[in-house]
There are 2 protein chains.
Amino acid sequence: MALDDRKKLIMQAIVEDYINTAEPVGSRSISKKPELNLSAATIRNEMGDLEEMGLLVQPHTSAGRVPSTSGYRLYVDSLMEKYEMTAAEIAEIKQAACKKTQELEKIVRDVAAAFSSLSGLPVIGMLPGTETGVVKNIKVVKIDNDKAMLIVSDKSGIIKNKLLNLHQDISDEFADQLSEILNQNLAGLTISKINLANIMEVQSVIGKNFEILASVMELVHEAVMEIDTKQIFVEGLSNILRFPEYGNVEKVKELFDAVENRENLSKIIMEAVPSGQAKVLIGEEIPVPELKHNSVVLAPYRVSDQIMGVLGVLGPARMDYSKVISALEFFTKQLSDVLRKDFGERQKLIGRGDE
Amino acid sequence: MALDDRKKLIMQAIVEDYINTAEPVGSRSISKKPELNLSAATIRNEMGDLEEMGLLVQPHTSAGRVPSTSGYRLYVDSLMEKYEMTAAEIAEIKQAACKKTQELEKIVRDVAAAFSSLSGLPVIGMLPGTETGVVKNIKVVKIDNDKAMLIVSDKSGIIKNKLLNLHQDISDEFADQLSEILNQNLAGLTISKINLANIMEVQSVIGKNFEILASVMELVHEAVMEIDTKQIFVEGLSNILRFPEYGNVEKVKELFDAVENRENLSKIIMEAVPSGQAKVLIGEEIPVPELKHNSVVLAPYRVSDQIMGVLGVLGPARMDYSKVISALEFFTKQLSDVLRKDFGERQKLIGRGDE
DNA sequence: ATTAGCACTCTCCTTTGCTGAGTGCTAACA
DNA sequence: TGTTAGCACTCAGCAAAGGAGAGTGCTAAT
């Protein structure tokens with residue numbers, strides 16, 4: 001059966017109606033739309049066809065129709081019109097994205113929170129992982145008699161720091177010495193390559209003159225490991241309560257349980273990485289069975305063409321894809337801009353130096 | 001009407017029954033308890049009295065009774081037996097509290113998360129504020145061509161750091177110079193006393209030789225302000241979904257809305273500060289009307305007798321006070337221990353130096 | 001090809017009646 | 001005088017029954 005223009009138009013109307021009302025769509029309500037000058041009976045015939053094609057499903061015999069996963073997929077891929085953001089919305093986003101200078105993690109989380117409250121949907125996000133990260137600089141700074149701070153920056157300027165509690169007094173010179181040793185041995189490696197064996201080696205190079213070194217190296221290892229674990233977060237999860245589909249607590253609980261599991265989130269976010277642009281996962285396409293009635297829109301953010309992390313929106317399958325996709329793309333672009341300004345600028349300096 | 005021993009016993013049985021079942025307690029179920037050898041009719045008479053005294057309320061004519069706020073209050077203040085934690089529980093808590101060396105914020109949040117998953121209740125917490133904090137040391141460390149890190153530590157060793165993005169190349173010497181200037185002028189002040197006027201003054205002392213100073217000082221101000229804002233957090237909020245009282249989404253939404261408001265949390269936590277020990281707020285005693293069906297147990301944690309912050313448990317009014325109070329006290333004690341080890345030890349060193 | 005009409009289906013809401021838990025009161029009992 | 005058994009009464013909660021409304025598929029007419 002061919003999917004002619006009229007069918008497409010009807011399909012689009014159904015999906016959009018369902019997105020707005022969350023109620024199964026009947027033939028009458030579609031026939032009322034002025035752009036389709038057709039009777040309910042005609043619509044019924046067409047809807048029958050669309051159901052046969054697997055684009056619609058009927059919750060029960062005498063109810064209206066609801067889009068199936070492939071129905072949404074069709075809508076997202078070819079029916080949907082691009083949502084044009086209003087000037088007001090753009091202004092609001094820009095304002096939210098215009099964050100004060102601070103650490104990467106905070107910026108990303110803040111932007112995610114702003115996006116969540118703006119979109120009224122939960123936002124999931126991932127902070128930069130390790131595959132991309134090459135350690136450029138390690139520094140140990142004495143900040144107190146028995147405390148030092150370990151500061152690690154990677155080539156795109158991402159910074160992670162960790163307090164080293166040495167339980168033993170150290171000197172400034174010792175910290176400097178330590179910085180030098182660590183830099184000589186670890187700078188240039190990707191973070192994921194810095195493992196315990198590696199660190200042990202460093203330790204053996206230095207020799208075991210200082211007893212304190214063993215515990216320091218252990219802490220360094222811990223610190224690097226901590227950088228290693230990709231950080232995944234969720235902001236504004238309670239926004240989901242606004243939707244009628246979460247009208248009973250069972251559903252809410254199921255969702256919360258699924259989302260509190262890092263593994264699940266990680267699986268979802270990994271789906272976005274290869275694509276490099278906004279990606280929509282609908283219903284069963286999400287690699288977490290519990291979320292089969294939801295959809296996720298994912299988009300990566302970058303610093304100088306390098307994917308740094310991912311931001312995603314989680315909502316019911318009937319979410320307003322058009323709007324969410326536009327907004328998410330805009331947000332990740334803004335985020336990329338902010339990050340480039342704060343963390344990427346040095347690229348130019350380096351570039352200049354190399355020329 | 002006097003509250004004789006039998007009434008107390010009955011009252012205790014009612015509260016505990018209700019804590020366990022979440023169902024209004026009838027006379028029959030109480031009369032079955034072996035420790036009270038009384039018939040249902042007698043219990044009914046007593047319950048009538050207790051209701052008249054305002055300790056119990058009846059949801060409707062033919063239902064059992066439920067403790068009122070003053071009923072819970074009586075229970076907590078004089079009826080309740082102290083819960084003795086099992087060795088297994090203690091071991092689990094110790095294990096959870098035995099955190100790796102890391103920054104204060106992370107420790108506290110991790111402990112709160114562990115407590116939440118252990119108690120099955122949401123945990124709210126506050127990180128150290130500013131009234132207590134006296135800046136002891138400020139350090140600016142160059143970590144890249146155009147970036148530096150500002151590290152602030154206070155007298156109890158709490159550390160807060162912030163990335164300074166200078167958008168301009170600086171030298172190590174400049175960073176050192178800056179550290180010295182900041183230290184000379186700001187060390188010794190409480191964080192809350194470091195305001196813009198103050199910083200401006202520093203700036204005027206240095207003179208305006210370097211144009212870059214203006215922006216640095218602005219960033220310093222921002223950083224200090226950021227330290228200033230008390231940080232309040234909630235862990236494991238979704239635990240609340242386990243309770244039958246949150247069986248409908250309206251209730252859940254109301255709670256989430258109330259809890260997402262920082263002002264509310266701040267109000268609640270402030271209640272704990274003067275007391276200095278575990279404090280229970282029941283029902284309407286909570287300064288947030290939306291939480292009138294809940295209770296909060298709060299306890300401060302300390303470093304060397306100085307209150308550093310607060311941890312609290314939020315749950316339905318019928319929570320197991322005895323258990324929650326014991327566990328919370330134990331947890332905050334453990335937290336204090338960990339913090340003392342990581343942040344407080346230097347106190348001794350300083351003390352030694354002064355002697 | 002489109003549409004009006006009709007019989008049919010099924011959910012949802014309301015009504016009705018019943019059951020069971022719980023109460024208050026009274027009278028008998030120790 | 002305190003305690004208890006008994007009884008009539010109340011009320012939430014559940015299930016069954018009935019009706020309304022929305023929607024469908026099919027057929028016949030346009």
Side-chain angles (χ1 to χ4, degrees), chain A residues 1-11 13-15 17-18 20-68 71 244-245 247-248, chain B residues 1-11 13-15 17-18 20-68 71 244-245 247-248:
Chain A
M1 198 178 314
L3 192 70
D4 57 29
D5 282 357
R6 197 173 70 176
K7 280 196 172 56
K8 282 186 188 169
L9 226 57
I10 291 173
M11 189 66 201
I14 293 171
V15 175
D17 191 304
Y18 187 62
N20 290 326
T21 64
E23 294 292 330
V25 184
S27 54
R28 255 181 70 81
S29 56
I30 295 301
S31 77
K32 273 186 207 141
K33 310 233 167 196
E35 64 269 28
L36 279 106
N37 207 10
L38 294 170
S39 78
T42 312
I43 304 288
R44 271 204 290 284
N45 289 331
E46 295 286 36
M47 282 168 99
D49 293 352
L50 290 169
E51 181 165 7
E52 212 172 300
M53 294 159 86
L55 298 173
L56 296 178
V57 283
Q58 240 179 326
H60 54 263
T61 331
S62 73
R65 261 98 168 182
V66 164
S68 68
E245 26 275 270
N248 82 62
Chain B
M1 199 177 316
L3 191 70
D4 56 31
D5 283 357
R6 195 173 72 176
K7 281 198 172 54
K8 281 186 187 168
L9 228 55
I10 292 173
M11 189 67 202
I14 293 172
V15 175
D17 191 303
Y18 187 63
N20 289 327
T21 63
E23 296 292 331
V25 184
S27 54
R28 254 181 69 82
S29 55
I30 296 300
S31 77
K32 274 186 207 140
K33 310 234 166 196
E35 65 267 28
L36 281 106
N37 208 8
L38 295 170
S39 78
T42 311
I43 304 288
R44 274 205 288 284
N45 288 332
E46 295 287 36
M47 282 167 99
D49 293 351
L50 290 169
E51 182 166 5
E52 212 173 300
M53 293 157 88
L55 298 173
L56 296 177
V57 283
Q58 241 179 326
H60 54 263
T61 331
S62 72
R65 261 97 167 180
V66 164
S68 68
E245 26 274 270
N248 82 62

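Scope of the values below: all heavy atoms of this structure, side chains included, with no hydrogens, waters or symmetry mates.
Contact annotation: B:Thr42 does not reach the phosphate of D:dT3 (side-chain N/O to OP1 or OP2, under 4.0 Å).
B:Ile10 contributes atom CD1, which lies 13.0 Å from atom CG of B:Asp17 (distance to the nearest 0.5 angstrom).
In this entry the distance linking CZ of B:Arg28 with P of D:dT4 reads 14 Å, nearest Å. Between B:Ile43 atom CD1 and C:dA21 atom C1' there is a gap of 16 Å when expressed in whole angstrom units. When rounded to the nearest whole Å, the span between CG of B:Asp4 and C1' of D:dT1 equals 15 Å. In this structure, CG of A:Asp17 is placed 14 Å from C1' of D:dA22, rounded to the nearest angstrom. The interatomic distance linking A:Glu23 (CD) with C:dT11 (P) rounds to 14 Å, in whole Å. Atoms CG (B:Leu38) and C1' (C:dC29) sit 16 Å apart, rounded to a whole Å. Distance NZ (A:Lys32) to P (C:dT3): 16 Å, rounded to an integer number of Å. Atom CG in B:Asn37 sits roughly 15 Å away from atom C1' in D:dG2 (whole-Å rounding).
Among C:dG22, D:dT24, D:dT3, the nucleotide with an atom closest to any side-chain atom of B:Arg6 is D:dT3.
When all heavy atoms are compared, the tightest approach of B:Tyr18 to B:Pro67 is CD2-CD, 3.6 Å. Nearest approach of B:Ser68 to B:Gly54, heavy atoms of both residues: OG-O, 2.6 Å. Contact between B:Ser31 and B:Ala40 at its shortest, heavy atoms only, is CB-N, 3.5 Å. For the residue pair A:Leu55 and A:Met11, the shortest heavy atom distance occurs at O-CE, 3.4 Å. For the residue pair A:Ser29 and A:Gly26, the shortest heavy atom distance occurs at OG-O, 3.0 Å. Taking all atoms of both residues into account, the shortest heavy-atom contact from B:Gln58 to B:Ala63 is NE2-O, 3.2 Å.
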Identify the pairs formed between an N or O of the protein and an N or O of nucleotides 10-12 of chain D at a distance under 3.5 Å, and give each distance.
{"residue": "D:dT10", "atom": "O2", "partner": "B:Ser62", "partner atom": "OG", "Å": "3.2"}
{"residue": "D:dC11", "atom": "OP1", "partner": "B:Thr61", "partner atom": "OG1", "Å": "3.1"}
{"residue": "D:dC11", "atom": "O4'", "partner": "B:Ser62", "partner atom": "OG", "Å": "3.0"}
{"residue": "D:dC11", "atom": "O2", "partner": "B:Ser62", "partner atom": "OG", "Å": "3.2"}

For nucleotides 24-27 of chain C, tabulate all protein N/O to nucleotide N/O atom pairs closer than 3.5 Å, reporting atom names and distance.
{"residue": "C:dG24", "atom": "OP1", "partner": "B:Arg65", "partner atom": "NH2", "Å": "2.6"}
{"residue": "C:dG24", "atom": "N7", "partner": "B:Arg44", "partner atom": "NE", "Å": "3.2"}
{"residue": "C:dG24", "atom": "O6", "partner": "B:Arg44", "partner atom": "NH2", "Å": "3.3"}

A:Thr42 and A:Arg6: CA distance, side-chain angles, deciding distance, side chain to side chain contact (heavy atoms under 4.5 Å, CB included) verdict: CA-CA 11 Å; A:Thr42 312; A:Arg6 197 173 70 176; 3.7 Å; yes
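Checking A:Val66, A:Ile14, A:Val15 one by one against A:Leu56, the side chain to side chain contact (heavy atoms under 4.5 Å, CB included) holds for a single residue, A:Ile14.
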